[in-house]
Amino acid sequence: MASVPANELKSTTAEDTLAQKSRDAAVVSGGHLVAAALKAEGVDTIFTLCGGHIIDIYDGCIDNDIKIVDVRHEQVAAHAADGYARQTGRLGCVVTTAGPGFTNALTGIATAFRSESPVLHIGGQGALTQHKMGSLQDLPHVEIAKPITKFSAGVRSTERIADMISMAARECFAGAPGPSYLEIPRDVLDREIPLDKARIPKAGAYRVSTRAIGDPEDIEKLAALLVKSERPAVLLGSQVWASRGHEEAIEFVRKLDIPAYFNGASRGLLPPGDPHHFDRTRSDAFDKADLILIVGTPFDFRMGYGKRLGRDAAVVQIDQDYRTVGKNRDISLGLVGHPGAVLKAVLDATTASSDNGAARRKSWLKELQKLEEIKTQKLMPLFKSDANPIHPYRVAWELNEFITEDTIYIGDGGDVVTISAQAVRPRTPGHWMDPGALGALGVGTGFALASKLVHPSKEVLCYYGDGSFGMTAFDMETANRFGAPYIAVIGNNSAMNQIRYGQLAKYGEERGNVGNKLGDVPFSKFAEMLGGYGEEVREANDIAKALQRARESVASTGRSAVINIWVDPREWAPGTKNQTMYK
Ligand SMILES: Cc1ncc(C[n+]2csc(CCOP(=O)(O)OP(=O)(O)O)c2C)c(N)n1
Ligand SMILES: [Mg+2]
């Protein structure tokens with residue numbers, strides 16, 4: 001028998017107990033290391049759906065005051081983490097269990113990937129001791145996540161948990177942002193280790209603080225081009241808002257007097273009516289411009305791959321990602337850097353010239369403003385239509401009339417949402433959210449949940465197609481449960497109508513109506529089931545009042561409302577009729 005060490009034979013004193021306690025306090029669990037690293041990243045909320053592999057993370061979050069928002073479907077958790085990132089400008093975090101929890105979240109991660117949104121996906125995994133043995137819910141998560149993330153790895157030891165979270169987070173912000181995936185096996189997470197064995201990066205001390213402007217010579221070149229230009233046009237893309245470069249961008253267009261167009265998350269950087277805000281005349285401007293400046297948005301399908309820009313214009317591209325610059329079409333000049341920092345540097349460089357050329361551009365702005373007005377007037381009969389069934393353009397118009405500068409507007413659907421982009425003009429930066437280039441239906445519920453949690457005093461309105469609503473709506477219950485109610489408006493045409501158009505056009509009535517029609521669902525009852533206000537709308541003139549009742553009910557009851565608007569399934573957006581998205 002081994003002899004008992006003498007010190008263990010001593011009776012326990014109060015001092016011993018204290019010493020033991022302080023030794024215990026110097027022990028940390030894997031779950032607490034996750035929470036400490038998230039805290040250092042500024043994450044105050046995780047979006048999750050529980051599973052036995054990840055319970056220790058919740059334990060760590062509870063002690064670190066990180067809110068645990070548990071949803072009903074992991075896709076919503078991932079979209080909510082993305083929405084949180086878009087609304088805060090910080091890292092969003094989704095935590096899922098192994099296997100199906102992970103796969104359910106993938107659409108949200110893929111959306112964040114195509115939208116350049118910094119989302120950290122932390123996933124559970126079977127224990128390292130059971131590696132490749134067929135453990136419960138085992139899948140090769142790291143390999144699956146690789147092509148749709150900027151960084152995908154597994155943590156092999158408890159000591160490295162916090163370190164690897166900071167590594168994954170750093171990668172989320174490398175160049176243009178995007179998602180990372182980090183797998184933590186169950187035994188790695190479950191262990192407790194001495195605190196001094198863990199590397200816990202200090203907040204603010206493990207990333208660059210630089211906002212890159214690239215090559216100063218290129219800044220001078222662009223300034224010279226701008227000063228000379230008589231017909232410039234700038235497109236401010238999602239990166240401008242996402243990187244919070246909007247104030248510099250606004251100053252840039254105002255001081256240089258340049259017509260500005262906006263896409264994705266940058267819609268709303270300038271309010272409608274601002275003399276530099278343009279949106280209906282982009283292709284006219286790009287046709288006639290002598291200088292086109294593309295900031296923070298790729299030449300992808302939304303830009304016709306860059307093919308539809310005027311032939312004589314100099315095309316300059318500024319992006320956070322060197323891979324985007326000059327992709328799909330030739331450019332005259334390409335700059336890589338932080339959109340706000342670059343635009344500020346360029347504006348500063350123009351002040352070297354005694355005349356920055358603004359005066360010579362007045363007539364160009366006037367010409368485009370006139371054209372904007374003509375194009376708006378052309379749409380007015382549709383916007384004001386009181387047709388029955390309701391014309392989807394009328395819904396779009398009413399939505400624009402309804403929103404305020406404090407309404408975060410989210411579009412989640414096919415054709416009805418495409419149409420709404422022609423009428424809805426967000427009044428404030430960051431108040432427009434769309435799925436981005438992945439085009440995933442179902443983003444709206446997660447975006448709405450996150451937006452309301454981040455901005456409790458704002459109104460959140462999501463406009464859905466009936467197809468989209470059916471995909472993720474059950475998490476309206478989560479929004480209600482967490483005191484994050486929102487207004488859901490549905491443009492209900494009982495169909496996946498955007499797809500139906502192309503099918504009808506190609507195959508005619510008989511085959512065109514197969515695989516794309518849905519039942520007539522009175523979705524207002526869904527809101528009622530969850531304790532909120534619901535209304536069916538069948539008359540155009542009733543839309544405004546119904547929206548108002550929804551607003552009042554959400555504010556007074558704290559429950560989400562559903563306004564189910566029956567729209568004409570025989571009307572489509574011009575882009576859908578043209579099938580522009582496939583060209
Ligand atoms: C997750 C997902 N599945 C399928 C599609 C293909 N898709 C694009 S639009 C559309 C129809 C959407 O229907 P709805 O939300 O009712 O809008 P509508 O076109 O009817 O206005 C579909 C199925 C997609 N973009 N995303
Ligand atoms: Mg539909």
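Just follow the structure's listing: the first ligand is 1, and inside any ligand the first atom is 1.
- For ligand 1 and N497, the ligand atoms under 4.0 Å from any heavy atom of the residue are 18 (P), 19 (O), 20 (O).
- For residues 527-560, the set of pairs meeting the ring pair (Phe, Tyr, Trp, His ring centres under 6.0 Å) definition, not counting sequence neighbours, is empty.
- For atom 15 (O) of ligand 1, the nearest non-hydrogen atom from the set G442, P569, S494, S468 comes from S468.
- The closest side-chain donor-acceptor pair between D70 and T48, if any, does not fall under 3.5 angstrom.
- Side-chain N/O atoms of D475 and T478 include a donor and acceptor closer than 3.5 Å.
- Near G413, with a cut-off below 4.0 Å to any heavy atom, the atoms of ligand 1 are 15 (O).
- The shortest contact between atom 6 (C) of ligand 1 and any protein heavy atom is with I499 CD1, 4.1 Å.
- Nearest protein heavy-atom neighbour of atom 21 (O) of ligand 1: V416 N, 2.9 Å.
- The shortest N or O to N or O distance between A495 and ligand 1 is below 3.5 Å.
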* Verdict with reasoning, Y393 to Q422, per side-chain contact (heavy atoms from CB on, under 4.5 Å) -> CA-CA 8 Å; Y393 271 81; Q422 291 189 57; 2.8 Å; yes

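- Two residues are said to be in side-chain contact when any heavy atoms from C-beta on lie closer than 4.5 Å; Y463 and D412 fail this criterion.
- Not counting sequence neighbours, the partners of H277 by the ring-ring contact (aromatic ring centres under 6.0 Å, His included) test are F262.
- When G414, A573, G502, A440 are checked for heavy-atom proximity to atom 17 (O) of ligand 1, G414 turns out nearest.
- Inter-residue side-chain proximity for Q548 and F402 is flagged as met; some heavy-atom pair is nearer than 4.5 Å.
- Residues N564 and E535 bring no donor and acceptor atom of their side chains to less than 3.5 Å of each other.
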Compile the donor-acceptor pairs under 3.5 Å between side chains in residues 437-456 and protein atoms, sequence neighbours left out, one pair per line.
| residue | atom | partner | partner atom | Å |
| --- | --- | --- | --- | --- |
| T445 | OG1 | Y464 | OH | 2.8 |
| T445 | OG1 | T472 | OG1 | 2.9 |
| S451 | OG | F447 | O | 2.7 |
| K452 | NZ | P456 | O | 3.0 |
| K452 | NZ | K458 | O | 2.6 |
| H455 | NE2 | Q87 | OE1 | 3.2 |

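- Near N493, the atoms of ligand 1 lying under 4.0 angstrom from a non-hydrogen atom of the residue are 18 (P), 20 (O), 21 (O).
- Distances from the Mg ion (ligand 2) under 2.8 Å pick out these protein N/O/S atoms: D466 OD1, N493 OD1, A495 O.
- No side-chain heavy atom of H121 sits less than 4.5 Å from a side-chain heavy atom of L182.
- Within 6.0 Å of atom CD in E405, 12 or fewer heavy atoms from other residues, nucleotides or ligands are found, so the atom counts as exposed in its surroundings.
- Inclusion of G467 in the set of residues having an N or O under 3.5 Å from an N or O of ligand 1 is warranted.
- On a distance-only criterion, L518 and ligand 1 share no N/O pair closer than 3.5 Å.
- At a threshold of 4.5 Å between non-hydrogen side-chain atoms, the residues W397 and K384 count as touching.
- Checked against the 6.0 Å centroid criterion, the rings of F278 and Y261 qualify as a close aromatic pair.
- Comparing heavy-atom distances from atom 18 (P) of ligand 1 across T472, D412, D415 singles out D415 as nearest.
- Any N or O atom pair closer than 3.5 Å counts here, and G439 shares at least one such pair with ligand 1.
- Protein heavy atom nearest atom 26 (N) of ligand 1, with residue, atom name and distance: L441 N, 3.3 Å.
- Looking at atom 9 (S) of ligand 1, its nearest protein heavy atom turns out to be Q498 OE1, 3.5 Å.
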